[in-house]
Structures are given as C-alpha cells and as structure tokens.
Amino acid sequence: MAATALARSPADVPFALIYLIDQPRREARLAGAAGLEAGSYAAPRVVDLVNGASVWPVPALLGDPSRHRGGMLLDGLDERLGGLLAPPPSPPGALPPRVALLVPMVAGPDDTVHGVLVAGLNRHRPLDDAHRGFLDLLAGQIGAALALAHTRHRERQSLEKLAELDRAKTEFFSNVSHEFRTPLTLMLGPLEEMRRRGGEAAAEIDLVYRNARRLLRLVGTLLDFSQAEAGRMRAAFVPTDLAGLTADIAAMFRSAAETAGLKLVIDVSPLPEPVWVDPEMWEKVVSNLLSNALKFTWQGAVEVRLRAVERHAELIVRDSGVGIPDGDLPYVFKRFHRVRDARGRTHEGAGIGLALVDELVRRHHGRIRVTSHPDAGTAFTVWIPLGRRGDPVDGAPAAPVVGTVAETMAQEAAHWDGALEDPSIVLDRPARPAPEVRLLIVDDNADMRDYLVRLLGTTWTVTVAADGQQALDLARQSPPDLILADVMMPRMDGFTLLREVRADETIAATPVVLLTARAGEETAIEGLLAGADDYVVKPFAARELVARVDAQLQLARSRRAGERRFRALRDASFDVVYRMSADWSSMHALDGHGFLADTAGPSAGWLDSYIDPADQPEVLAAIGAAIAGKTVFQLEHRVRRPDGTLARALSRAVPLLDDDGEIVEWIGTATDLTGVGSVADRDERS
C-alpha cells in the first residue's frame with residue numbers, strides 16, 4: 001500500500017523499495033516496489049543479511065540503528081545500476097537519479113529495525129531539510145505500521161497458543177472424567193448391595209457409598225463443564241411442567257435445611273404453559289443454586305420462588321446468608337472463582353458450580369443475575385423464555401423427574417454442620433487406659449470427622465471442631481495434648497489456626513498435625529515452616545496416621561518429662577535460674593527464689609530491671625564476648641533486689657546450640673554473694 005502511494009509521486013520519489021527484515025532467516029524481503037520492477041537487478045526480492053551480496057547495503061543499517069538514524073546516502077547509482085532512466089512521466093531533459101537514501105524503519109521502545117526504505121532522490125530537487133524530513137516521516141510512518149502489524153501478529157499467536165492449551169485442558173478433563181466414571185460405577189454397585197445387606201460395618205460402608213456418590217457427582221460436573229467449554233454440550237428440550245419439577249427438586253433439600261436449622265420456603269406458582277427445558281440441566285441449575293444457598297446461610301431461611309413474568313419463567317433462589325462482597329460480584333460466574341474468607345458450612349468445592357449454572361441457563365437461551373449485600377443475603381434470579389423450541393413433541397408435557405444429582409447434593413448438604421457455635425461433642429472411647437491423652441480433631445467435613453473419631457477415638461479421648469475458630473476457642477478453654485487439623489476450612493483455616501496456637505503462651509507447645517488434600521513437597525514444606533509438627537497428605541493410610549499421632553504424643557511426653565525434671569532441679573536449687581534469648585535481647589523466664597523478682601514471660605527490659613547501672617557496661621561486654629565465642633558467660637556484678645536494695649551475685653550461663661552449632665537459647669544461674677564476699681576473696685581464703 002505504501003509503495004502504491006509512492007508510485008503516484010515520481011517527482012518526489014523517483015523510485016522506492018521497501019524491505020522487511022526477517023531475523024530468523026537473516027534476510028530482508030522485498031515487500032513493495034515503485035518505479036523499479038520487482039525482482040530485477042535493481043530491486044532484488046531477497047537481500048542476504050549475512051553475506052550482504054546485494055546492490056543495496058541493507059545489513060549496514062542493522063548493526064547500530066542510532067548511527068544511521070537519519071539514513072544512509074548511497075551515491076553513484078548510474079554506475080551501480082547502469083541504464084537507469086528517469087521515471088515516467090518526466091519532462092524532456094530529465095536526468096535519472098544518481099543518489100538513493102536508505103532509511104531504517106525503526107519502531108518500538110527497543111529501537112527494533114523492522115525494515116529499510118530505499119528512496120531514489122530526484123537530481124533536480126535538492127535534499128534539503130524539508131525533503132529529508134519528508135523521507136524520515138515516511139520511513140517512520142511505515143515503521144510504525146510494521147511494528148503494529150508485528151505486535152498484532154504476536155498477540156494473535158499468543159491467543160492461538162492459549163486457545164490450544166485451553167482446548168487441550170478441556171479435552172484432558174473430559175477424558176479423565178470419562179475414565180473415572182467406569183471404576184466409580186463398578187464401586188457403587190457392590191457398595192449398594194452391601195448397604196442393603198447391612199452388618200457390623202454398615203456405618204463404614206454407608207460412609208464409603210456416600211462419598212463415592214459425591215465423587216461421581218463431582219466427576220459428572222467436571223464432565224459437563226468440560227463439554228460446555230468445548231461446545232459439545234447438547235440440550236434435549238422437551239415441554240415440561242417446570243413448576244412441578246422445580247418443587248420436587250427443592251423438596252429434596254428440605255431435610256438438609258432442617259438439619260442446618262434453616263427454614264426452606266418453596267413458593268412455586270403454576271405456569272400458564274409447559275416450558276421447553278432440558279430436565280436434567282434444570283435439575284443441575286436448581287440443585288447448585290440451592291446447595292450454594294445452604295452452604296453460606298447460617299440462620300433465617302432459603303426461598304425458592306417460581307412464577308410467570310412477561311414471556312418468561314422466573315426462578316428466584318434467595319437466602320439470608322453471609323452475602324457476597326461487591327468486589328466479587330462481577331466474578332461469581334467465572335470458573336474457579338471463589339470468594340476469599342467466605343464463612344461457609346464447608347470449604348469443599350471446585351469453584352465451577354455457578355459457572356456451570358450460567359452455562360446451562362445460556363443453553364436455554366435464558367439469563368441469570370445475582371444481587372447481594374454482605375451479611376444481608378444473596379438472590380439468584382433466572383429467566384427462561386416461554387414458547388416452543390426444538391422439535392414438536394406430541395402428547396402431554398414430560399413428567400417431572402428428579403435424578404441423582406439433586407439427591408446426592410442434598411445428602412452432602414445434610415452432612416454439613418448446622419451450627420458451628422454449639423459446643424463440640426466429646427467422645428471418650430479409648431481402647432487402652434489413656435484417659436489423660438486428649439486429641440482435638442478439626443475438619444469442616446462431617447464424614448471426615450466421623451471417620452477420624454472412629455479411627456482415633458478407640459485409643460485416645462477425642463474432641464471435634466468444625467473449623468479453626470471453634471477449635472481455637474476449645475483449645476484455650478481446655479488445652480488438648482494434640483491438635484489434628486485440616487488445612488482448608490471456613491472461617492479460620494489450618495495455617496491461621498496454627499499461627500494463633502503458636503502465639504498463645506498457654507497452648508503454644510501443643511503438637512499440631514496438619515491434614516491436607518494438597519499434595520506436593522512445597523506444600524509440605526510450607527506447613528512445616530509454619531510451625532506444624534507433622535504434615536499428612538490425604539488420602540492417608542489409617543495405620544500411618546495413628547503412628548504419626550502416637551509419635552507426636554510420645555515426643556510431647558518426652559518434652560514434658562524433660563521440663564518437669566528441669567523444674568524439679570530448679571526448685572531444689574537455692575540459686576536463681578533464668579533463660580535468655582540467643583542474643584540476650586530478651587529474658588524468657590526467671591525464677592528468683594526471693595533474691596530477684598520473678599518473671600514468667602519474655603522481658604526486653606531485664607538489664608535496667610536487674611543490673612546496677614554502674615555494672616551494665618561490664619555485663620554487656622562479657623555477654624558480647626560469650627556470644628561471639630559461643631562460650632560460657634560468667635561474671636560477678638551487682639543486682640537489684642525486689643525491695644530496691646543492691647546485692648552482689650555471681651552469674652553464669654551456658655549456650656544451648658542447635659545441630660548447626662548456632663545458639664538457640666542461654667540457660668543460666670545467679671548465686672547470692674551478699675555477706676559471703678567476692679569470688680576472689682573466697683579464693684584467697686581457701
């Protein structure tokens with residue numbers, strides 16, 4: 001296009017060539033020619049950037065563009081090209097150009113040379129500032145257009161790669177979901193037969209069966225979502241009694257609502273005509289919205305209302321729950337989006353339920369909208385158009401059918417906790433005499449809590465909590481011997497619980513074992529660095545978990561025995577016993593035996609509290625020398641008694657080192673020398 005425009009003004013530019021740089025191939029390709037025949041000796045289609053064997057020295061402009069910012073003049077074209085004529089139309093006596101200006105076309109912040117403009121100069125027109133400015137502007141305009149084209153090309157390539165990755169991911173999800181369904185089906189059949197027969201293991205079989213059905217539903221949801229993403233989801237529209245179908249689906253959740261202490265209001269008005277929907281899809285829409293409402297509602301009611309509005313059926317699912325923050329509202333239908341720190345009855349979920357609902361509603365040519373206010377509830381409104389769609393079907397409207405999706409989701413909701421504020425249940429079922437050992441199990445999944453109680457409750461006394469906040473309250477009221485906590489929980493997760501426990505002096509020493517479904521070395525390291533005593537990944541072997549819990553309890557017992565021996569030795573001594581931080585900046589504890597004022601907590605002002613100001617420089621110097629050499633600190637100095645009087649003391653402290661030889665803490669004693677004399681005096685007398 002640029003070359004075509006230049007061809008219209010031969011008086012200004014007798015000829016022009018536009019070469020584009022192809023860096024991977026290390027060559028310049030002719031993109032446009034005006035006044036010269038493309039492919040001729042004067043206008044080669046390709047210029048080799050490595051060897052430079054061409055009439056035009058294009059490679060010279062690529063090394064350092066700043067040297068040729070204004071272009072390069074190339075003289076002697078009549079000798080180089082031979083037989084070059086004045087461009088037509090030219091007046092009689094016009095001479096062919098003898099000089100060409102080569103201008104690099106530079107654009108972008110990195111001064112990349114995208115091409116070179118070769119412009120022949122009219123011998124009858126001087127190359128003054130105005131003419132050079134015109135050629136520079138021309139090269140700049142073409143360069144900018146080329147840079148924009150390159151940018152768009154790269155963006156298009158990036159989008160194509162992302163789309164390909166998305167397609168591959170969707171295909172993977174679809175294939176994996178299909179593969180999961182076969183073994184799950186083969187598991188559910190025998191489990192259902194075993195449940196029917198009953199027996200001693202009925203509770204365990206029911207637990208396995210219920211969670212296998214939940215896994216099958218999750219696999220089905222993932223499969224639906226992957227099919228929708230790939231555009232392969234097909235709706236089987238049939239005329240349906242939407243009011244009856246909606247009422248039946250909602251009724252499946254009544255037991256779950258009552259278990260949670262909520263009122264379920266079903267207000268479904270008959271519609272004037274059957275509605276063309278896919279019954280299975282509609283079941284998933286209503287079930288997901290109801291499950292979501294029950295999950296985030298702690299008191300009040302959940303309402304399901306269906307009525308006819310102008311040319312549409314309108315479904316409203318409203319709750320009085322925790323609501324959605326304004327910043328999250330635009331993203332509630334985005335896949336994998338989850339509201340951070342939302343207080344729900346469970347932390348379970350893949351973050352695709354509402355995204356699937358939105359897709360299913362769109363498949364019905366409908367729309368969904370959400371309105372919400374924090375702590376004031378949420379309302380989802382769905383509009384489905386009335387009128388016939390699809391092939392006509394003779395006979396009466398399809399009878400409402402409630403499939404396994406609503407039943408499974410309702411059963412899951414029924415096993416969420418109804419009220420986390422209630423005191424937790426304490427189950428004492430030790431298999432061996434160990435009533436003094438108490439475990440606190442924290443998990444938001446009721447089935448997991450029941451399983452852990454059955455697994456560990458036969459050996460130790462077990463207390464259960466449904467989230468980190470409830471567990472923290474229980475631990476502060478009655479410190480347990482060990483806390484076994486899930487990582488992902490509502491209100492307060494496992495890591496936050498761990499930090500709160502370590503920050504509370506009364507329970508800071510309690511062993512904490514974290515349970516998580518997030519596998520991987522980095523996740524385990526994260527848990528251990530956060531202060532956990534052990535980290536167990538789900539799924540775990542029962543014997544392994546029992547062994548890990550028992551090992552941590554034994555280590556805790558050993559630590560407590562060591563502390564008791566230390567306290568006994570301290571109590572039996574007449575000397576002051578103290579503990580200092582590694583750099584002596586804080587006194588961790590001090591038992592003064594009446595000689596000094598006791599302190600049971602960290603104190604940064606110990607120097608002024610206990611040491612006479614006149615002796616402080618000498619004390620600090622001795623401490624510095626002991627820290628530097630990791631040697632024993634020993635010094636005789638004056639101290640301040642609880643009544644404010646001064647006394648003399650011999651202080652001695654030894655460093656405790658870790659496996660790397662670094663100081664962890666100092667343990668020291670101070671002997672009252674008042675009335676005894678100094679160490680030197682005693683040495684002389686002896």
Side-chain angles (χ1 to χ4, degrees), residues 502-503 505-506 508-511 531 533 554-642 646-686:
R502 295 294 181 243
E505 293 182 12
T506 59
T510 304
D533 294 273
Q554 291 185 32
L555 288 174
R557 276 196 295 270
S558 298
R559 287 194 296 266
R560 288 195 298 270
E563 291 174 358
R564 285 194 296 270
R565 286 193 292 270
F566 175 78
R567 286 195 296 269
L569 179 62
R570 180 196 64 191
D571 294 340
S573 172
F574 291 105
D575 290 337
V576 172
V577 179
Y578 59 86
R579 294 168 46 223
M580 305 297 297
S581 63
D583 60 356
W584 285 68
S585 61
S586 175
M587 176 179 284
H588 290 171
L590 182 143
D591 190 339
H593 285 284
F595 178 53
L596 297 178
D598 296 338
T599 179
S603 170
W606 64 271
L607 189 66
D608 292 330
S609 299
Y610 298 104
I611 310 300
D612 183 60
D615 291 353
Q616 288 181 10
E618 185 180 5
V619 170
L620 292 175
I623 289 173
I627 293 175
K630 299 179 183 179
T631 57
V632 175
F633 161 80
Q634 180 171 315
L635 185 68
E636 184 178 337
H637 57 83
R638 286 171 291 183
V639 295
R640 183 176 290 108
R641 288 176 166 176
L646 294 178
R648 297 198 64 81
L650 174 63
S651 184
R652 178 183 174 86
V654 295
L656 296 181
L657 306 180
D658 60 16
D659 293 339
D660 297 326
E662 299 300 323
I663 300 175
V664 177
E665 192 178 46
W666 294 80
I667 304 295
T669 62
T671 303
D672 182 7
L673 299 181
T674 306
V676 178
S678 67
V679 174
D681 293 339
R682 292 200 306 275
D683 291 342
E684 290 178 0
R685 287 196 298 270
S686 62

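Nothing fancy with the numbering, it's 1 onward along the sequence. These numbers come from a predicted model, not from an experiment.
Considering every non-hydrogen atom in both Leu596 and Arg640, the closest pair reads CD2-O, 3.5 Å. Of all the heavy atoms in Tyr578 and Arg652, the pair that sits closest is OH-O, 3.7 Å. Residues Asp533 and Thr510 come closest through the heavy atom pair OD2-O, 4.0 Å. The shortest heavy-atom contact between Ala556 and Pro511 is CB-CG, 3.7 Å. Residues Pro655 and Thr631 share a closest heavy-atom pair of CD-O, 3.8 Å. Scanning all heavy atoms of the two residues, the minimum distance from Ile623 to Trp606 falls at CD1-CH2, 3.7 Å.
By the 4.5 Å heavy-atom criterion applied to side chains, Leu657 and Ile663 are counted as neighbours. At a threshold of 4.5 Å between non-hydrogen side-chain atoms, the residues Trp666 and Ile627 count as touching. Using a 4.5 Å heavy-atom threshold, the side chains of Asp591 and Val576 count as separate.
Sorted by first and then second residue, the salt bridge (Lys or Arg N to Asp or Glu O under 4.0 Å) pairs with a member in residues 623-632 read Lys630-Glu662; sequence neighbours excluded.
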Give the intermediate values and the outcome of side-chain contact (heavy atoms from CB on, under 4.5 Å) for residues Asp672 and Arg641.
-> CA-CA 11 Å; Asp672 182 7; Arg641 288 176 166 176; 3.9 Å; yes

Go through Leu620 and Leu607 one step at a time and tell me if the side-chain contact (heavy atoms from CB on, under 4.5 Å) criterion holds.
-> CA-CA 9 Å; Leu620 292 175; Leu607 189 66; 3.9 Å; yes

Audit row: Asp575, His593, side-chain contact (heavy atoms from CB on, under 4.5 Å) steps and yes/no | CA-CA 7 Å; Asp575 290 337; His593 285 284; 5.9 Å; no

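Counting non-hydrogen atoms of neighbouring residues, nucleotides and ligands closer than 6.0 angstrom, the CD atom of Gln554 exceeds 12 such neighbours.
Separation of atoms OG (Ser585) and CE (Met580) is listed at 7.5 Å; rounding is to 0.5 Å.
Side-chain atoms of Glu618 and His637 include no donor-acceptor pair closer than 3.5 Å.
Side-chain atoms of Glu636 do not come within 3.5 Å of backbone N or O of Arg648 as any donor-acceptor pair. Judged by distance alone, with hydrogens and angles left aside, the side-chain atoms of Arg502 form a donor-acceptor pair with the main-chain N or O of Ala508 at under 3.5 Å. Remark: the backbone N or O of Ser581 is not paired with any side-chain donor or acceptor of Ser586 at under 3.5 angstrom.
For the pairing with Arg638, the side chain to side chain contact (heavy atoms under 4.5 Å, CB included) check across Asp612, Val619, Ile611 returns one residue only, Asp612.
A distance below 6.0 Å separates the ring centres of Trp584 and Phe633.
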